[in-house]
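Working notes, structure below.
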Amino acid sequence: MKKEIFEPYNVSDNNFEQCVKCTICTVYCPVLEVNPDYPGPKQSGPDGERMRLKDPAFYDEALKLCLNCKRCEVACPSGVKIGDIIQSARIKYSKSKPKLRDMILANTDIVGTMASTFAPIVNTAVALKPVRKVMDSVLKIDHHRMFPKYTGLRFETWYRRYAEKKQQEFKKHVSYFHGCYVNYNFPQQGKDLIKVMNAAGYGVHLLEKEKCCGVALISNGLIKQATKQAKHNVEAFKKSIVDKKMPVISTSSTCIFTIRDEYPHLLGVKNEEIRNDSELATRFIFRLIDEGKLNLVFKKNYKKRIAYHTPCHMEKLGWSIYSTSLLKMIPGVELVQLESQCCGIAGTYGFKKENYQTSQEVGKPLFDQIENSKVDFVATDCETCKWQIEMSTSSKVQHPISILAEAIDVEATMKLWQK
Amino acid sequence: MNKNRSKEYDVIIIGGGATGAGTARDCAMRGLSVLLVERHDFATGATGRNHGLLHSGARYAVTDHESAAECIEENMILRKIANHCIEENNGLFLTLPEDDIAFQSQFVDACTSAGISTEIIDPKLALRMEPSANPDIIGAVKVPDGSVDPFRLTMSNALDAKLKGADILTQHEVVDILKDQDRVNGVELFDHAKKEKVKYYGKIVCNAAGIWGHNIARFAGVNINMFPAKGSLLIFGHRVNKMVLNRCRKPANADILVPGDTICLIGTTSERIPIEEIDNMYVSKDDVDVLIREGVKLSPSLATTRILRAYAGVRPLVAADDDPSGRSISRGIVLMDHKERDGLEGFITITGGKLMTYRLMAEEATDLICKKLDVDKKCETANIPLQGSEKSDETLNNVSQKVYSVNGITQKSAKDRHGSLAHKIAKGDENEDSMVCECEGVSIGEVKYAINELHVNNLIDLRRRTRVGMGTCQGELCACRAAGLLCESMEEPGKAKDDLANFLQERWKGMSPIAWGETINEIQFTSWIYEGIYGLKPDNN
């Protein structure tokens, strides 16, 4: 007799059925701790999803209070993608349309292009108290917030003018996804990346045309546009990774996290072909060293006490170990590992007037840690964490790649592989 | 519940299912003095152990015209009088490649002649209407099916009866029918709470005990040939489908998938069992296999959906009096006047039928009772809404918004569960609004309301009133919280621990036939909490 084989298995898109209601996620949620209006990850995620399947009217606009830090997902022992469930619910059910303010905050690309064109005027204007008051009352962008300064010379322009040609001299090559912050606000970080990668023997190239990863579009509900940009970027990544066999590295933990995980999970944009070769510069470099393919020589006189802050998306990626391990390799560095806590800004979240208080209360324990740590500065891989920490503490913040760029003896390092 | 034992009721109704509660309501509305007795709790028999399907009647259209016509008529009445107990989801009858598409036109004709509106839908459109349906379907017909919550429906009938003067005793089991020569004049009950026997007297005793009516009749010395048929069902963790899904063929195993509240159900099987087994329902491995195998044909995603639990109910099928072998069995309503049938005055039996036709059964039974008591009053149950479904000047939203301060989920859930009665839930402070059951969104306020006003004797009763413990965690988080609240209100708090153990044991019973995957993780976690942390023992009861 032929035996009928039937094996039921329990999987669904976001694994919400795997939740065993242990409630650990709720303990790790930084928002719930300070804002009781938020129903918490369990209620908003797996529990709420069941209700919403019964009747979409169970959707609660309070889900907007979620930071999308994904710390609930890191904590979940059952592999439920709680953060994805919440974000997807917002995409699917939210009826409130993005406001003008949200469009401005979300379109980092367009706003960045305009602002950097008129950088001196914009920088002066948005720093003025009266202007910030107007933005506060009209746009509901909290007046405590300082916009990061816009650069007069965009990274892309700088690269084409001064760096592109030289990159051909190298035998090995990577592509660099610089992201909006490096392009419009802080080209120095991109220059540091090129310095480090060149020292390591890699030529650095830009993608054919990169667009903003779209994380702010997603969190502000501009899904159509985010999906369009995601598709564009995946194609651009393919040209580098598949066609030219050049991996893509980035210095922004949030950009790379969005491209690797949020594209398929939230936008339904497939990225299997490029996912493995899209990563953070610190991980790329650490792995070269770990595999014995690279040696770095450090300056003897570099001496710093540095505190490392783990951004939420680094926690989710599980990659902060690469950044901290690299920093520990620098002989003159004394590294203080801060307890992993959300800084509260969550990209554009903290810029909104209604979230300002929550944002600062979430970050408070981290700020206290930093103030008590007596370090020269803080290191972190995320640009918005940097703004938040610099605004809320007396400490300055540097990217691990910038620290490497300063600590490396470039000539000595290059000599090792030029031999 | 100190009822006046010296009083003689006009009618004593045995059985707290939909039929018993419905009959109690009807009798009370016609001005009779009523006592309703139930051995456990409302809706513990077949009433609470079925699909919760608001039949359009389409399922019976081809095989049983009379039932089909009754169903659609009652369907439309329930939409009017019990709107807080039903969901107007509509249903699809799907033809799969293995089914005969020719049956579809026969089906549509039969529906039309029974008064059931149908609409033949292009399979592609049907899939857009109901994306969870099997994509291979070759035909689809839309019918006015829906879902009904049998617990709510029964409770609303009981509440309405009570409001109109009926007395209600739960946890009172009939141990004898009292007779004076050829006339039944009362019942002897065993009070499970006080562990004592009590007698109540009435002019008429109405046996509405479903399959258990077999034994009740024996107490009265008459014989009814009942044939219990077991039907098993599976509950899935969440709603897979929005519309009721049926197979467009002659009724068979596991061919109805019903969305009900937060879950969906597949069923049923059908198996004759000996009458001795009616108090010992279990779902076998074979039942589970059949249900899943057939279920995935309706909706393939069931194969990957978490199963919450399995349960079985007993259909009270009655053999025609001239056919004791049980070959010609009717699924229709059976009303017996034992004076005419057996020469026993003051005793009637109402049985057979379906959840869908409970109101009609109650009407027929009450008509007979009134005739016997010489009361001339018309039935009004088809026109006057039940408790919770009355039209109110205020919209439901306003009613419930006054109640809750913060949580949207508990507010909306309470409104869905109690209809316009939601306003009885105490005006919440933050404490009253916090959740007891997180899966189903039951607040402290709602639990307190149920304990105070809805005849709750234990946690299992509380579950039927509020859905506490019916969600994904099956009592893991809420059982202890609910036990605490119940304990505060009980006269003998010492029993709370037994009650908690009982409740969890009952949850486990439903989970054991399908204990794999996430369900077994969940139950293991639950046992860590209750046995490991709280020191509860499984054999506490």
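Just so we're on the same page: letters track the sequence lines, and every chain starts at 1. These numbers come from a predicted model, not from an experiment.
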Practice task
Report, as yes or no, whether the 6.0 Å neighbourhood of atom CD on Gln357(A) holds more than 12 heavy atoms from other residues, nucleotides or ligands.
Solution key: no
Practice task
Drop me the distance from Tyr59(A)'s OH to Lys412(B)'s NZ, to the nearest 0.5 angstrom.
Solution key: 15.5 Å
Exercise for the section: Inspect the surroundings of CD in Glu33(A) and state if more than 12 heavy atoms from other residues, nucleotides or ligands are less than 6.0 Å away. Expected result: no
Handout entry: Distance, nearest 0.5 Å, that separates NZ of Lys242(B) from NZ of Lys54(A)
Key = 15.0 Å
Practice task
For atom CD1 of Ile321(A), decide whether the heavy atoms of other residues, nucleotides or ligands shown that lie under 6.0 angstrom number more than 12.
Solution key: no
Problem - Leu53(A) side, atom CG; Thr262(B) side, atom OG1 - distance, nearest 0.5 Å - result: 10.0 Å
Practice task
Can you measure from SG (Cys22(A)) to CG (Leu477(B)) and round to the nearest 0.5 angstrom?
Solution key: 9.0 Å
Handout entry: Over all atoms of both residues, closest heavy-atom pair of Gln43(A) and Ile409(B)
Key = NE2-CD1, 3.4 Å
Problem - CZ/Phe525(B): more than 12 non-hydrogen atoms of other groups inside 6.0 Å - result: yes
Practice task
Please say whether more than 12 non-hydrogen atoms of neighbouring residues, nucleotides or ligands are located less than 6.0 Å from NZ in Lys64(A).
Solution key: yes
Problem - Heavy-atom contact with chain A under 4.5 Å, split by part of Ser301(B) - result: neither
Exercise for the section: Please tell me if the side chains of Glu518(B) and Cys19(A) come closer than 4.5 Å, counting only heavy atoms from C-beta onward. Expected result: no
Handout entry: Segment of Ala57(A) engaging chain B (4.5 angstrom heavy-atom cut-off)
Key = both
Exercise for the section: Could you tell me whether the side chains of His238(B) and Glu49(A) share a donor-acceptor contact shorter than 3.5 Å? Expected result: no
Handout entry: Which portion of Asp289(B) sits near chain A, non-hydrogen atoms under 4.5 angstrom
Key = neither
Fill in the blank from the handout: Correct closest heavy-atom pair for Cys473(B) and Lys21(A) would be CB-CG, 3.3 Å
Handout entry: Main-chain N/O of Gly237(B) paired with Arg50(A) side-chain donor or acceptor, under 3.5 Å
Key = yes
Problem - Proximity breakdown for Gln524(B) and chain A, heavy-atom pairs closer than 4.5 Å - result: neither
Exercise for the section: Counting only heavy atoms closer than 4.5 Å, note whether Glu476(B) contacts chain A via side chain, backbone, both or neither. Expected result: side chain
Completion exercise
Scanning both residues in full, the closest heavy-atom pair of Thr305(B) with Glu17(A) reads CG2-OE2, 3.2 Å
Practice task
Go through the atoms of Thr23(A) and report whether side chain, backbone, both or neither lie under 4.5 Å from a heavy atom of chain B.
Solution key: side chain
